[in-house]
Amino acid sequence: MEYSYLLDRADECEDPYLRLVYASSWAISVYYAYQRTWKPFNPIIGETYELVNHEGITFISEQVSHHPPMSAGHAENEHFTYDVTSKLKTKFLGNSLDVYPVGRTRVTLKRDGVVLDLVPPPTKVNNLIFGRTWVDSPGEMIMTNLTTGDKVVDLWSMALFHCSAGRYEVDGYVYNAAEEPKILMTGKWNESMSYQPCDMEGEPLQGTELKEVWHVADTPKNDKFQFTYFAHKINSFDTAPKKLLASDSRLRPDRFALEKGDLSKAGSEKSRLEERQRAEKRTREAKGHQFTPRWFDLTDEISATPWGDLEIYRFNGKYTEHRATVDSSDGIDEVDLASIEFNPWQYGNLSTE
């Protein structure tokens with residue numbers, strides 16, 4: 001959501017092809033953070049993340065399954081809704097790891113009701129054991145306007161080494177429903193993206209010029225976590241709503257200990273959380289119960305992806321009702337959010353199999 005203003009502009013744009021330029025640049029902008037190669041925390045089943053106070057967006061995500069690991073997310077503001085079911089498929093290749101995004105991302109632009117579908121490229125983590133670890137995403141990224149059939153196809157270059165020329169380059173075209181090129185796009189996923197109208201051969205139209213559509217934001221110098229300013233912002237309580245859910249990622253004791261620089265406590269808290277997750281699973285199974293997410297429902301829909309079929313979770317609207325109730329309540333006491341105990345299990349619905 002860091003560059004969500006691009007989706008706002010896509011919604012405001014009347015040109016259907018320029019709309020795809022904005023929307024696909026938003027999708028590309030996410031990859032800047034992929035340069036950071038630190039291993040993320042494994043989400044606990046039922047763990048959530050809420051975001052407010054950023055571009056008018058309300059965002060909620062939830063870890064909906066542990067085996068296989070799957071997350072679902074929903075975001076909304078006055079211009080768009082964003083829905084994702086995320087599941088990763090990995091292949092270990094000795095000193096590298098291939099990551100296949102077996103997920104579905106849909107963006108609905110509210111003004112015209114346009115629905116955009118995203119198929120991102122796979123990702124490769126190089127030098128996992130020996131050498132300097134680095135990440136690349138060679139392949140195609142395709143964003144399709146499901147309403148009109150227009151689409152953008154961006155080819156991400158493949159690099160053989162960390163310092164290879166052209167490592168970050170992205171080039172592609174916006175096509176109409178008849179697969180005729182309308183706009184060319186070029187840039188680097190770690191710097192900026194630009195566009196220019198083109199002819200039927202894909203060559204720039206005379207009298208037009210290349211225009212920048214997205215540029216990476218400034219980043220902190222020598223940041224010990226290699227975070228962007230936005231990453232610091234979303235880890236803080238400044239973007240948390242009042243009466244934050246106890247299942248929120250900010251409250252994880254291992255994450256909080258790492259932020260404070262206590263590596264030993266971070267490791268022990270991580271182990272404690274994972275052991276409790278295993279104990280909660282044993283208790284559920286003994287009682288014949290299964291975990292059911294609170295904010296997303298498993299549907300009967302199966303979505304085909306280039307890397308396998310995907311079960312789709314749908315935002316059920318209960319979070320919107322929850323936030324409306326909380327935000328309209330009077331007399332809510334001010335609470336030190338950092339003092340809330342992380343507890344993703346108290347919110348999961350238990351149903352008899």
Side-chain angles (χ1 to χ4, degrees), residues 1-4 6-7 10 20-37 39-40 68-71 73 82-93 95-107 115-128 133-146 150-175 179 181 183-195 202 213-216 303-310 312:
M1 294 292 111
E2 180 168 10
Y3 300 98
S4 60
L6 291 166
L7 292 179
L20 279 172
V21 170
Y22 285 122
S24 61
S25 296
W26 161 79
I28 291 168
S29 72
V30 173
Y31 283 80
Y32 178 83
Y34 279 36
Q35 296 177 103
R36 183 181 185 275
T37 56
K39 183 183 181 296
M70 294 179 67
S71 301
Y82 159 89
D83 290 283
V84 60
T85 299
S86 176
K87 175 183 175 183
L88 297 180
K89 180 179 179 181
T90 59
K91 185 177 182 181
F92 182 60
L93 300 169
N95 196 33
S96 65
L97 181 74
D98 285 351
V99 182
Y100 304 101
V102 187
R104 189 179 81 175
T105 299
R106 293 274 173 88
V107 173
V115 179
L116 306 177
D117 178 80
L118 175 69
V119 179
T123 293
K124 191 176 190 71
V125 184
N126 301 279
N127 295 345
L128 202 59
T133 303
W134 58 283
V135 179
D136 205 12
S137 296
E140 283 186 341
M141 187 196 81
I142 302 174
M143 176 175 277
T144 304
N145 183 331
L146 299 180
D150 303 332
K151 65 180 178 181
V152 56
V153 180
D154 287 321
L155 180 63
W156 299 51
S157 64
M158 179 177 178
L160 297 179
F161 303 100
H162 175 268
C163 56
S164 294
R167 173 189 164 194
Y168 304 100
E169 291 180 357
V170 179
D171 294 287
Y173 292 94
V174 177
Y175 297 90
E179 307 237 345
I183 298 178
L184 66 85
M185 296 183 64
T186 187
K188 294 183 177 182
W189 54 261
N190 69 329
E191 290 183 7
S192 64
M193 289 299 298
S194 299
Y195 71 96
V213 65
W214 164 76
H215 195 281
V216 69
S303 178
T305 80
W307 306 283
D309 291 342
L310 174 73
I312 299 298

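In what follows, every heavy atom counts, from backbone to side chain, and hydrogens, waters and symmetry copies are set aside.
- Here D117 contributes atom CG and L146 contributes atom CG; the two are 5.0 Å apart, rounded to the nearest 0.5 Å.
- The side-chain heavy atoms of D154 and S24, taken from C-beta on, include a pair separated by under 4.5 Å.
- Using a 4.5 Å heavy-atom threshold, the side chains of I28 and W156 count as touching.
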(Q) Test side chain to side chain contact (heavy atoms under 4.5 Å, CB included) on V21 and V152; report intermediate values, then the result. (A) CA-CA 8 Å; V21 170; V152 56; over 6 Å; no

(Q) For a side chain to side chain contact (heavy atoms under 4.5 Å, CB included) check, start with the C-alpha distance between E140 and V119, then their side-chain angles and the critical distance, and finish with the verdict. (A) CA-CA 8 Å; E140 283 186 341; V119 179; over 6 Å; no

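- Side chains of T186 and D171: a donor on one and an acceptor on the other come within 3.5 Å.
- Taking 4.5 Å as the limit, some side-chain heavy atom of D136 sits within range of a side-chain heavy atom of W189.
- When atom types are taken as modelled, the side chain of S86 and the backbone of M70 share no donor-acceptor pair closer than 3.5 angstrom.
- Here the CG atom belonging to L310 is positioned 4.0 Å from the CD1 atom belonging to I312, to the nearest 0.5 angstrom.
- S137 and T123 share a side-chain donor-acceptor pair at under 3.5 Å.
- Residues P138 and P121 share a closest heavy-atom pair of O-CB, 4.3 Å.
- Side chains of T133 and V125 form a contact here, defined as non-hydrogen atoms less than 4.5 Å apart.
- In this structure a side-chain-to-backbone donor-acceptor pair under 3.5 Å is present from Y173 to G202.
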Q: For K151 and V153, run side chain to side chain contact (heavy atoms under 4.5 Å, CB included): C-alpha distance rounded to whole Å, both residues' side-chain angles, the deciding distance at 0.1 Å, then the answer.
A: CA-CA 7 Å; K151 65 180 178 181; V153 180; 4.2 Å; yes

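- Taking 4.5 Å as the limit, every side-chain heavy atom of V99 sits out of range of all side-chain heavy atoms of W307.
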Q: Go through the steps for Y82 and M1 under the test side chain to side chain contact (heavy atoms under 4.5 Å, CB included), then give the verdict.
A: CA-CA 10 Å; Y82 159 89; M1 294 292 111; 4.0 Å; yes

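- Counting only heavy atoms from C-beta outward, the side chains of R104 and T305 never approach each other to under 4.5 Å.
- Taking the centre of each ring, W26 and Y3 stay at or above the 6.0 Å mark.
- Interatomic distance, CE of M141 versus CG of L155, reported as 11.0 Å (0.5 Å rounding).
- Counting only heavy atoms from C-beta outward, the side chains of K89 and P68 never approach each other to under 4.5 Å.
- Using a 4.5 Å heavy-atom cutoff, the side chains of E2 and S29 are not in contact.
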